[in-house]
Peer 1: 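My questions will all concern the structure given below.
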Protein chains: 2
Amino acid sequence: MDRDRIDEPRPAFLLSQLGAHAASQFAERLKVLDLAPQDAGVLRLLRVAAGLSQQELAGRLRIHPSRLVAILDNLGKRGLVERRANQEDRRLYSLFLTKRGEETLERIGKVAQEHQEALLSALSREERDTLATLLLKVADHQGLVRGVHPGYQRMGATKRPGEPVNTKSL
Amino acid sequence: MDRDRIDEPRPAFLLSQLGAHAASQFAERLKVLDLAPQDAGVLRLLRVAAGLSQQELAGRLRIHPSRLVAILDNLGKRGLVERRANQEDRRLYSLFLTKRGEETLERIGKVAQEHQEALLSALSREERDTLATLLLKVADHQGLVRGVHPGYQRMGATKRPGEPVNTKSL
DNA sequence: TATTGTTATACTCTATAACTATA
DNA sequence: TATAGTTATAGAGTATAACAATA
């Protein structure tokens, strides 16, 4: 059998374990700004891709369009994001970051920096660089989109999108 | 501002992103055995700590005891885990892996191996070792318990344990 | 009175599909 | 007819608290 010895943790499990830990720690820190990770994702994407429609934004973040509505309602109500009417097609909104949204994004950046510092404090600068290089290599090879967290897709969801509804559960 | 250039992905974000990806890929592969990640966690722990009570098991896995009931009902019904009456204290069950449970654990090991191979295929053997070393260093420093995934705590949950019930939502 | 395992209830959050208005 | 954004509904899965048996 050969596996009755003390388990050497598999790197894949470590990755998954640490990733979940990192995500929850970051979400915890974001609460200071009264924001959730998806909110940060939306704001960050709108900085580099201003003017997107909701459909486009949802597509890029892998969020269901109907879910994005509530997220944008909240961010809009708080004056961080603006829905501007699109002249050419009046069915569409064009989404923009407000001044306050940009400021909030700066604060998010600080929070993320502190988070990362705490998370990786066990590593030297050089080790962090090595880690970043390796992770980026794997992420690119796996086809992960920069800045798009798989968790955005379903943060507290219970059913996978596209998964058939289970009529006769239990 | 200095951050208007192309984002160098932060290693902390990469970690979180890749971790979520790894977790979902693994969960997907586990479906072949009709098991969820928590099930694998239960079986694995019972291999090295046979005879635990449900309370002890729940405590170690950071799963709510009432949730563990359904998990064990399922594993028991399928003959992978056995609830033996405890002679000394008849309120307790002593949990054991069955023969079939051990076999299933072997299969899980194979699935995990394949999963890891696919996940890290971008890296050389040496790079994988380096990655494992760095991750383990961080995980230990963060106080993560070997083999206990933070996601076990809430896999599709909507409310954090201990969090007050939100009476006036919206 | 306290603890183990169990169950019923309430709660949160989502995807789906219907809906409105525009095209 | 088709598409953008919105909303209503139902589904899924949890934590909490109450429960019965035992200590």
Peer 1: Check if the side chain of A:Arg90 and the base of C:dT22 share a donor-acceptor pair of N or O atoms closer than 3.5 Å.
Peer 2: no

Peer 1: Could you check how far CD of A:Gln87 sits from C1' of C:dT22, rounded to whole Å?
Peer 2: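 Result: 14 Å.
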
Peer 1: Could you please name the option among C:dA17, C:dA23, D:dT14 that lies closest to any side-chain atom of B:Gln38?
Peer 2: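 Between C:dA17, C:dA23, D:dT14, the one nearest the side chain of B:Gln38 would be D:dT14.
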
Peer 1: Would you mind reading off the distance between B:Arg91 atom CZ and D:dA23 atom P, rounded to a whole angstrom?
Peer 2: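 Spelled out: CZ on B:Arg91 to P on D:dA23 is 7 Å.
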
Peer 1: For the pair made of OH in B:Tyr152 and P in D:dT14, what is the distance, rounded to whole Å?
Peer 2: 14 Å

Peer 1: Should the pair B:Lys31-B:Glu28 be classified as a salt bridge under the 4.0 Å nitrogen-to-oxygen rule?
Peer 2: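 The answer is yes: the pair qualifies as a salt bridge.
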
Peer 1: Under 4.0 Å between a Lys/Arg side-chain N and an Asp/Glu carboxylate O for B:Arg10 and A:Glu117?
Peer 2: no

Peer 1: Does a distance-only test, which skips hydrogens and angles, find a donor-acceptor pair under 3.5 Å between the side chain of A:Arg67 and the base of C:dT14?
Peer 2: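 Donor-acceptor pair under 3.5 Å: no.
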
Peer 1: Which one, C:dT14, C:dT4, D:dT6, comes nearest to the side chain of A:Gln54?
Peer 2: D:dT6

Peer 1: Give one of base, sugar-phosphate or nothing for A:Ser53, where a contact means two heavy atoms less than 4.0 Å apart.
Peer 2: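 It contacts sugar-phosphate atoms only.
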
Peer 1: Which value, rounded to the nearest 0.5 Å, describes the distance between A:Ile108 atom CD1 and A:Phe26 atom CZ?
Peer 2: 7.0 Å

Peer 1: Taking OP1 and OP2 of C:dT4, is either one under 4.0 Å from a side-chain nitrogen or oxygen of B:Arg83?
Peer 2: no

Peer 1: Could you tell me the separation between the CG atom of A:Asp73 and the P atom of C:dC13, rounded to a whole number of Å?
Peer 2: 15 Å

Peer 1: For C:dT3, take OP1 and OP2 only and decide whether either is under 4.0 Å from a side-chain N or O of B:Gln55.
Peer 2: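 Checking C:dT3 against B:Gln55, no side-chain N or O comes under 4.0 Å of OP1 or OP2.
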
Peer 1: Tell me the interatomic distance from A:Gln153, atom CD, to C:dA15, atom C1', rounded to whole angstroms.
Peer 2: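 One finds 12 Å between C1' of C:dA15 and CD of A:Gln153, rounded.
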
Peer 1: Could I get the full list of salt bridge (charged side-chain N to carboxylate O under 4.0 Å, His left out) partners for A:Arg78, not counting sequence neighbours?
Peer 2: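 Checked A:Arg78 against salt bridge (charged side-chain N to carboxylate O under 4.0 Å, His left out); matches are A:Asp34.
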
Peer 1: In whole Å, I'd like the distance from the CG atom of B:Asn74 to the C1' atom of D:dG13.
Peer 2: 15 Å

Peer 1: Between A:Arg47 and A:Glu103, is there a side-chain N and carboxylate O pair less than 4.0 Å apart?
Peer 2: no

Peer 1: Specify the separation, in whole Å, of atom CG of B:Asn86 and atom C1' of D:dT22.
Peer 2: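 Rounding to the nearest Å, CG of B:Asn86 and C1' of D:dT22 are 12 Å apart.
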
Peer 1: Can you check the A:Leu92 CG to C:dT20 P distance for me, whole Å?
Peer 2: 20 Å

